[in-house]
Amino acid sequence: MTTVDELKNKIASANKAYRSGNPVMSDQAWDDLLETLQKQISKDDFNIFRDSLHEVKGKVKHPFIMGSLDKLKAEEPAEVKKFIKEHCRILNVSAKVDGISCRLHYENEKLVSASTRGDGTFGEDLTDKIKFVKWIPLTLPESHIMGDSIDIRGELVILKSDFEKMTGFANGRNAVAGIMGRKDWNPEDIKNASSIANTIHGNQVP
């Protein structure tokens, strides 16, 4: 039987390969390893380990905690009902978008910085790269409702039409993680990425 340390090492090694754009296993195999580990250690220890997988190079501190998604299974309806009862007053359902989480920060309607989710507290600085990503406005319409400081959370993805132009990646998720995580990056590669916004945080102007 694989030990906890062996599982962690295997997961960490696969994570490093994935973030460099050279995955060594399928997404399903990755999920299976995480699920196996989750059954063998406490919830707190699992969350600490999972957050440690998010590499932080150029550190950017988020103004709020950027939580990660957790999974609920249709085969466990009691858990789904429990989650909805405890956490959802209004339930919005959308299609799953498979990419990397990103936060855009605007001051006085102008984009000033961007970063990955990272460990939820600190993320990796993407400011220099983000202006080449599609569907990201460098300037927002004036808004007295949201305030002069606005953060937009969303997902960076590779659309199928853009992925068809690329080589060397197993799927769009691997591609966007690879091109956004490179130290020696190419603007032409990043132009294949698109942004899909899902949440707006703002501080209202008096």
Side-chain angles (χ1 to χ4, degrees), residues 7-37 49-60 62 66-71 93-105 111 113-138 151-200:
L7 269 175
K8 286 183 176 180
N9 288 336
K10 189 171 184 179
I11 291 169
S13 178
N15 178 69
K16 184 176 181 180
Y18 167 76
R19 290 181 177 279
S20 67
N22 300 295
V24 295
M25 64 178 64
S26 67
D27 290 348
Q28 185 59 56
W30 163 265
D31 288 341
D32 290 344
L33 282 178
L34 282 178
E35 189 170 340
T36 300
L37 178 64
F49 173 74
R50 184 176 59 181
D51 286 342
S52 74
L53 297 174
H54 298 281
E55 295 182 10
V56 178
K57 297 171 184 175
K59 287 188 177 181
V60 176
H62 298 307
M66 290 185 67
S68 63
L69 295 177
D70 209 345
K71 294 184 178 180
V93 179
S94 63
K96 184 177 186 295
V97 180
D98 210 5
I100 61 173
S101 191
C102 175
R103 178 179 63 84
L104 307 175
H105 181 65
L111 179 65
S113 67
S115 59
T116 64
R117 190 190 80 84
D119 63 3
T121 301
F122 290 93
E124 180 183 343
D125 188 5
L126 296 179
T127 305
D128 290 339
K129 302 173 183 177
I130 207 69
K131 62 184 178 182
F132 298 104
V133 176
K134 286 182 285 193
W135 304 348
I136 291 183
L138 301 182
D151 289 279
I152 299 178
R153 179 170 179 174
E155 199 86 355
L156 300 183
V157 301
I158 303 289
L159 302 181
K160 289 182 179 180
S161 57
D162 290 310
F163 183 67
E164 291 171 355
K165 309 171 191 173
M166 306 177 71
T167 59
F169 298 101
N171 52 53
R173 180 184 179 188
N174 291 344
V176 72
I179 64 175
M180 298 306 293
R182 286 174 179 163
K183 291 181 179 179
D184 298 322
W185 52 279
N186 184 340
E188 293 304 313
D189 288 337
I190 295 178
K191 287 178 182 178
N192 290 313
S194 299
S195 174
I196 299 177
N198 53 45
T199 310
I200 299 177

Criterion side-chain contact (heavy atoms from CB on, under 4.5 Å) on T116 and M180, from CA distance to verdict
CA-CA 9 Å; T116 64; M180 298 306 293; over 6 Å; no
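The backbone N or O of T199 sits nowhere less than 3.5 Å from a side-chain atom of R153 that would complete a donor-acceptor pair. Without hydrogens or angle criteria, H62 side chain to G120 main chain gives no donor-acceptor distance under 3.5 Å. In this structure, T36 contributes its side chain and D32 its backbone to a donor-acceptor pair below 3.5 Å. Here the side chain of E155 pairs a donor or acceptor atom with the backbone of G99 at under 3.5 angstrom.
Going from atom CD1 of I136 over to atom CG of L156 covers 6.0 Å, rounded to the nearest 0.5 Å. To the nearest 0.5 Å, the span separating CG on L34 from CZ on F49 amounts to 7.5 Å. The structure places CG of L33 at 6.5 Å from CG of L7, a figure rounded to the nearest 0.5 Å.
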Donor-acceptor pairs are to be reported for all side-chain atoms of residues 157-164 against protein atoms at under 3.5 Å, with residues two or more places apart or in another chain.
residue: D162; atom: OD1; partner: K134; partner atom: NZ; Å: 3.0
residue: D162; atom: OD1; partner: K165; partner atom: NZ; Å: 3.1
residue: D162; atom: OD2; partner: K134; partner atom: NZ; Å: 2.6

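Nearest approach of G123 to S115, heavy atoms of both residues: C-CB, 4.5 Å. Contact record, N198 with G154: ND2-CA, 3.7 Å, taken as the closest heavy-atom pair. Minimum interatomic distance between P137 and W135 (heavy atoms only, all atoms of both residues): CD-O, 3.6 Å. The two residues F169 and I179 come nearest to each other via the heavy atoms CZ-CG2, 4.1 Å. Of all non-hydrogen atoms in M66 and S101, the two that sit nearest each other are CE-OG, 3.8 Å.
For K131, there are no salt bridge (Lys or Arg N to Asp or Glu O under 4.0 Å) partners two or more places apart in sequence or in a different chain. With sequence neighbours left out, N186 forms a side-chain hydrogen bond (donor to acceptor under 3.5 Å, both in side chains) with no residue at all. With sequence neighbours excluded, the residues satisfying side chain to side chain contact (heavy atoms under 4.5 Å, CB included) with A197 are I152. Looking at residues two or more places apart in sequence or on another chain, you find a side chain to side chain contact (heavy atoms under 4.5 Å, CB included) between H105 and R103, E107, V112, S113, S149, D151. Not counting sequence neighbours, the partners of D31 by the side-chain hydrogen bond (donor to acceptor under 3.5 Å, both in side chains) test are K71. When the side chain to side chain contact (heavy atoms under 4.5 Å, CB included) test is applied to T167, no partner is found at least two apart in sequence or on another chain. Partners of D98 by side chain to side chain contact (heavy atoms under 4.5 Å, CB included), not counting sequence neighbours, listed by chain and number: D27, K96, R173. Considering only residues two or more places apart in sequence or on other chains, T127 meets the side-chain hydrogen bond (donor to acceptor under 3.5 Å, both in side chains) condition with D125. Scored by the side-chain hydrogen bond (donor to acceptor under 3.5 Å, both in side chains) test, K10 finds no partners at all (sequence neighbours excluded).
By the 4.5 Å heavy-atom criterion applied to side chains, C102 and I130 are counted as neighbours.
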